[in-house]
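Notes follow the structure.
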Amino acid sequence: MSVSALSLTRFAGSISGFLQVVSVLGLLLLLLKAVQFYQHRQWLLKAFQQFPSPPFHWFFGHKQFESDKELQVIMKTMENFPSAFPRWFWGSQAYLVVYDPDYMKVILGRSDPKAHGTYRLLVPWIGYGLLLLNGRPWFQHRRMLTPAFHYDILKPYVKTMADSVRLMLDKWEELAAQDSSIEVFQHISLMTLDTVMKCAFSHKGSVQVDGNYKTYIQAIADLNNLFYSRVRNIFHQNDTIYSLSSNGRLADRACQLAHNHTDGVIKLRKDQLQDEGELEKVKKKRRLDFLDILLFARTENGDSLSDKDIRAEVDTFMFEGHDTTASGLSWIFYALATHPEHQQRCREEVQSLLGDGSSITWDHLDQMPYTTMCIKEALRLYPPVTGIVRELSKPVTFPDGRSLPKGISVILSIYALHHNPKVWPDPEVFDPSRFAPDSPRHSHSFLPFSGGARNCIGKQFAMNELKVVVALTLLRFELLPDHTRVPIPIMRLVLKSKNGIYLHLKKIH
Ligand code: HEM
C-alpha cells in the first residue's frame with residue numbers, strides 16, 4: 001500500500017472515530033434531556049394534582065389551545081374548571097391559568113417575580129427595564145420613575161394628546177370621503193406613538209407626518225407575533241437554536257429596527273444636554289421629561305444609570321406607552337361602533353361639555369362619567385394586556401384550600417377574568433352600567449392595569465389619553481362597524497384582531 005493510501009485510510013479511521021464519539025455524546029445528551037423532561041413532568045403533575053385539567057398530549061401538551069382561537073378555547077375551558085386550570089404548553093412545561101378574583105387577589109398581594117421562562121424572551125428587545133426587573137433593582141427604578149407620572153407632569157400632556165388626535169382625525173376626514181371602511185389600528189398606533197414621543201421624549205415634529213416611523217410600528221407588530229409563537233414552541237426555547245431559525249433571524253432584525261429608533265432618541269437628547277449643561281440650568285429652562293429623569297437619575301451609590309439601563313427603560317416605555325393604548329382605543333372604537341345608542345349618549349355628554357372641542361383640559365376629564373363608563377366596559381371586554389405571569393417564590397394556598405408549591409408559574413388571565421360569567425353576568429354583553437358609581441364589584445374583578453405593587457405605572461396617563469381621544473373623535477365622527485369584516489380578537493403581547501379593526505367613519509356636520 002502506498003504512503004498516501006495509508007494516510008487516507010488513517011484519516012478516514014479518525015473521522016469515523018470522531019463521529020462515533022460525537023454520536024455517543026449526542027445520545028447521552030438526548031438521554032439526559034429525556035430524564036430531565038420526565039422528572040420535571042412528574043414534578044408538575046404532582047404540583048397540579050389538586051387542579052384538574054382538560055386532556056392533553058404527553059409531549060405536545062394542550063395542542064387545542066394553539067391557534068388563533070386560544071382566547072375562545074380558554075373561555076370554553078373555563079366553563080368546566082372553576083377558578084383555574086393547568087395549561088400544558090408541552091409535556092414538561094405547564095402554567096396554572098387563573099381567572100377567579102379571589103385567586104387574583106392572593107397572587108397580586110404577594111411579591112412573586114415575573115415568570116423568568118416567559119418574560120426572559122422579551123429581554124433582547126426591551127432589556128431589563130421596569131417591566132422585566134425584579135426585586136431591589138425594580139423597586140429602585142419604580143421609585144425613580146414614579147415622579148414622571150405625577151399629576152403636575154401629566155396635566156399639560158392633555159393638550160399634547162389633543163394635538164396628536166386632531167392630526168389623525170384630519171387624516172380620517174380625507175379617508176372618510178372615500179366611502180370605504182378603514183383599518184383603524186394602524187392609524188391609532190402612529191397617533192399613540194406620536195403622543196408618547198412628544199410627552200415622554202419631548203419629540204419635536206410629528207411621527208404621524210414623518211413616514212419613517214412606520215418601520216418602528218411594523219417592527220413592534222412583528223415582535224408581538226414572534227414572541228407569541230416562540231413561547232409556544234418547545235424547540236425555540238433555546239437561544240442558540242432560536243437564533244439559527246428563520247423566526248429567530250426575523251426577531252433579531254425587528255429588534256435592531258426597534259433599537260435604531262430608540263438609540264436615535266437617546267443620542268439626540270444626550271447631544272442636546274451637552275449644549276444645555278447642568279441639571280439646575282436645564283430645570284430653569286424647561287420641564288424635565290421622562291428621558292431627562294433617566295439621564296439625570298442617580299443610584300443609591302450616586303452613579304448614573306448605565307447606557308444599557310437607559311436603553312432598556314426607553315425601549316420599555318416606548319413600547320408600553322403606545323401599543324397598549326393603541327389596542328385599547330381600537331377596541332373601544334369597535335365597541336362604540338357596534339353599540340350606537342351608547343356611542344350617541346357619550347357624544348351628547350361630550351358635546352355639552354366641550355362644545356366644538358376646540359379646547360380640552362385636565363379639568364374636563366373628570367366630567368365625562370358616561371364616556372368613562374363606556375371606556376371601562378370596553379376595557380373589560382377587550383383588555384389590551386390579556387394576561388400576566390408570575391413565578392411563585394414560596395408556596396401558596398388559595399381561599400378554597402387548594403395549594404401550589406414554590407416554583408410554579410401562574411398566568412393571571414385578565415381576559416378570562418373579565419369574561420368570567422361568575423364574576424360578570426352575561427359577560428359578552430356590552431353594558432356600561434356595570435361601571436355606574438353605585439354598582440357593587442369585587443376589588444379584583446376588573447384588572448386592565450393589573451393590581452398590587454406591580455400595577456401599571458402609566459395607568460393615569462393611559463386613562464387620560466383614552467378619554468381625550470374618544471371625546472374628540474366622537475365630536476367629529478360617527479363610528480360604524482364594517483359588517484363584512486368583523487374583528488377576531490387574538491392574543492398577542494397586546495390584544496389584536498386577526499383581520500384588523502375596520503370601521504366606517506361618518507363625518508358629523
Ligand atoms: C390602556 C393602556 C394600558 C394598559 C391596559 C396597561 C396595562 C398594564 C399591565 C396589565 C401591566 C402589568 C404587566 C405585568 O405585570 O406583567 C402594566 C405594567 C406596566 N405598564 Fe402599562 N398599560 C397601559 C398603558 C401604559 C402606558 C401609557 C405606559 C407608559 C407611559 C405603561 C407603562 C407600563 C410599565 C413601565 C409597566 C411595568 C410596571 C412595573 O412593573 O412596575 N403602560 N401595564
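Numbers here are sequence positions counted from 1. Both counts, for ligands and for their atoms, begin at 1 and track the order of listing.
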How close does the nearest protein non-hydrogen atom get to atom 10 (C) of ligand 1, and which residue and atom is it?
Pro448 O, 3.4 Å
Check for me whether the distance between the ring centres of Phe435 and Trp424 falls short of 6.0 Å.
yes
Could you list which atoms of ligand 1 come closer than 4.0 Å to a heavy atom of Pro384?
5 (C)
Consider every N or O of Trp138 and every N or O of ligand 1, then say whether any pair is closer than 3.5 Å.
yes
Under a 4.0 Å threshold between the charged nitrogen and the carboxylate oxygen, would Arg230 count as salt-bridged to Asp239?
yes
Return the closest protein heavy atom for atom 26 (C) of ligand 1 as residue, atom name and distance.
Glu320 O, 3.5 Å
The residue among Asp323, Asp222, Asp68 that forms salt bridge (Lys or Arg N to Asp or Glu O under 4.0 Å) with Arg492 is Asp68
Is a side-chain N or O of Arg380 found less than 3.5 angstrom from the main chain of Pro427, in a donor-acceptor match?
yes
Measuring from atom 38 (C) of ligand 1, which candidate in Arg142, His322, Met463, Lys114 has the nearest non-hydrogen atom?
Arg142
Centroid separation Phe319 to Trp125 less than 6.0 Å:
yes
How close does the nearest protein non-hydrogen atom get to atom 15 (O) of ligand 1, and which residue and atom is it?
Arg390 NH2, 3.0 Å
Ile414 and Pro383 have their tightest heavy-atom pair at CG2-CB, 3.8 Å
Hey, is Ile388 touching ligand 1 through its side chain, its backbone, both or neither, going by heavy atoms under 4.0 Å?
side chain
What protein heavy atom sits nearest atom 12 (C) of ligand 1, and how far away is it?
Ser450 CB, 3.8 Å
Numbered atoms of ligand 1 (with element) below 4.0 Å of Thr325, judged on heavy atoms
2 (C)
With heavy atoms of Arg454 as the reference, note each atom of ligand 1 found under 4.0 Å away.
12 (C), 39 (C), 40 (O)
Give a yes/no verdict on whether any heavy atom in Glu465 is under 4.0 Å from an atom of ligand 1.
no
Atom 8 (C) of ligand 1 - nearest protein heavy atom and its distance
Cys456 CB, 3.6 Å
Just need the protein heavy atom nearest to atom 24 (C) of ligand 1, so name the residue and atom and give the distance.
Thr324 OG1, 3.2 Å
Which ligand 1 atoms does Asn455 reach within 4.0 Å, using its non-hydrogen atoms?
38 (C)
Looking at side-chain heavy atoms only, is the closest gap between Val196 and Phe317 below 4.5 Å?
no
Taking the six-membered ring where the residue is Trp, are the ring centres of Tyr99 and Tyr415 under 6.0 Å apart?
no
Identify the protein heavy atom lying closest to atom 16 (O) of ligand 1, giving its residue, its atom name and the separation to 0.1 Å.
Tyr119 OH, 2.8 Å
When you check the gap from the basic side-chain N to the acidic O, do Asp170 and Arg476 get nearer than 4.0 Å?
yes
Just to confirm my output: which protein heavy-atom neighbour is closest to atom 1 (C) of ligand 1, and how far is it?
Phe449 CE2, 3.8 Å
Residue portion contacting ligand 1 (non-hydrogen atoms closer than 4.0 Å) for His141
neither
Got a sec, which residues hit salt bridge (charged side-chain N to carboxylate O under 4.0 Å, His left out) with Asp194, two or more places apart in sequence or on another chain?
Lys198
Would you confirm whether the ring centroid of Phe65 sits within less than 6.0 angstrom of the ring centroid of Trp88?
no
